[in-house]
Amino acid sequence: MIRWRKKTEERPSMTRAEALGCRPVRSGEITEEVLASGLVRITYPVRMRPLLASLARRFGGSDRPVMRKLELDTLGTAVWHLIDGQRPVEQIVRAFAKMYTLQPKEADLSVTAFIRELGRRGIIGLK
């Protein structure tokens, strides 16, 4: 049996030190709302794949991206406020660990996972 798979381009891999040296930058397409509780709600566009977008157009949908909302918890809000486009990930991890008196490894794992998820959703990018 022959499997037809789309060839994926290999992404240039980064070392962990290079990744920690990158600066997260907020996307220009998002809106941020600070709630009364002090937490942050982010509204960001979700792009459809071209095939799904063409099907949506065919059945009366629009080309506009769907807007999603993401409400951050206390820890996520703290990291969000540390993302200013100037600080590298490593400094954000250290500041977060100091704020919440966490072990460096624990702060590193949680902050990098959070930043990775924001990047996957297109909310931030890395410089």
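Start at 1 with the first residue, then count along the sequence.
The shortest non-hydrogen separation linking Trp80 to Phe114 is N-CE2, 4.5 Å. When all heavy atoms of Leu20 and Thr112 are compared, the pair lying nearest together is CD2-CG2, 4.1 Å. The minimum heavy-atom distance between Val89 and Leu126, with the atom names listed, is CG2-CD2, 4.4 Å. A pairwise comparison of heavy atoms in Gly21 and Pro88 identifies O-CB, 3.5 Å as the closest pair. Taking both residues in full, the closest heavy atoms of Leu39 and Asp73 are given as CD2-C, 3.7 Å, listed atom of the first, atom of the second, then distance. Here the closest non-hydrogen pair linking Phe96 and Leu82 is N-CD1, 4.1 Å.
In this structure, the side chains of Thr77 and Val34 stay at 4.5 Å or more apart for every pair of heavy atoms. For the pair Ile124 and Val25, the minimum side-chain heavy-atom distance is 4.5 Å or more. The shortest distance between side-chain heavy atoms of Leu75 and Ser110 does not fall below 4.5 Å. By the 4.5 Å heavy-atom criterion applied to side chains, Ile83 and Arg26 are counted as neighbours. In this structure, the side chains of His81 and Val79 stay at 4.5 Å or more apart for every pair of heavy atoms.
One finds the OG atom of Ser37 at 6.5 Å from the CD atom of Glu71 (value rounded to the nearest 0.5 Å). Put simply, CD on Glu29 and OG1 on Thr43 are 13.0 Å apart, with the number rounded to the nearest 0.5 Å. Distance check, rounded to the nearest 0.5 Å: CD of Glu106 to OG1 of Thr101 gives 9.5 Å. Atom OG of Ser27 sits about 11.0 Å away from atom CG of Leu118, to the nearest 0.5 Å. Note: Met99 CE to Ile92 CD1 = 9.5 Å, rounded to the nearest 0.5 Å. The line from CD1 of Ile123 to CD of Glu117 is 8.0 Å long, rounded to the nearest 0.5 Å.
Cluster annotation: Ile30 is not connected to Met67 through the hydrophobic network of ILVMFWY side chains, with a link wherever side-chain heavy atoms come within less than 4.5 Å.
Although no hydrogens or angles enter the test, the distance criterion places no donor-acceptor pair under 3.5 Å between the side chain of Arg121 and the main chain of Pro45. Although no hydrogens or angles enter the test, the distance criterion places a donor-acceptor pair under 3.5 Å between the side chain of Asp84 and the main chain of Arg87. No side-chain donor-acceptor contact under 3.5 Å links Arg41 to the backbone of Leu70. In this structure, Glu18 contributes its side chain and Thr15 its backbone to a donor-acceptor pair below 3.5 Å.
For the pair Arg94 and Asp108, the salt-bridge criterion is not met [side-chain N within less than 4.0 Å of a carboxylate O].
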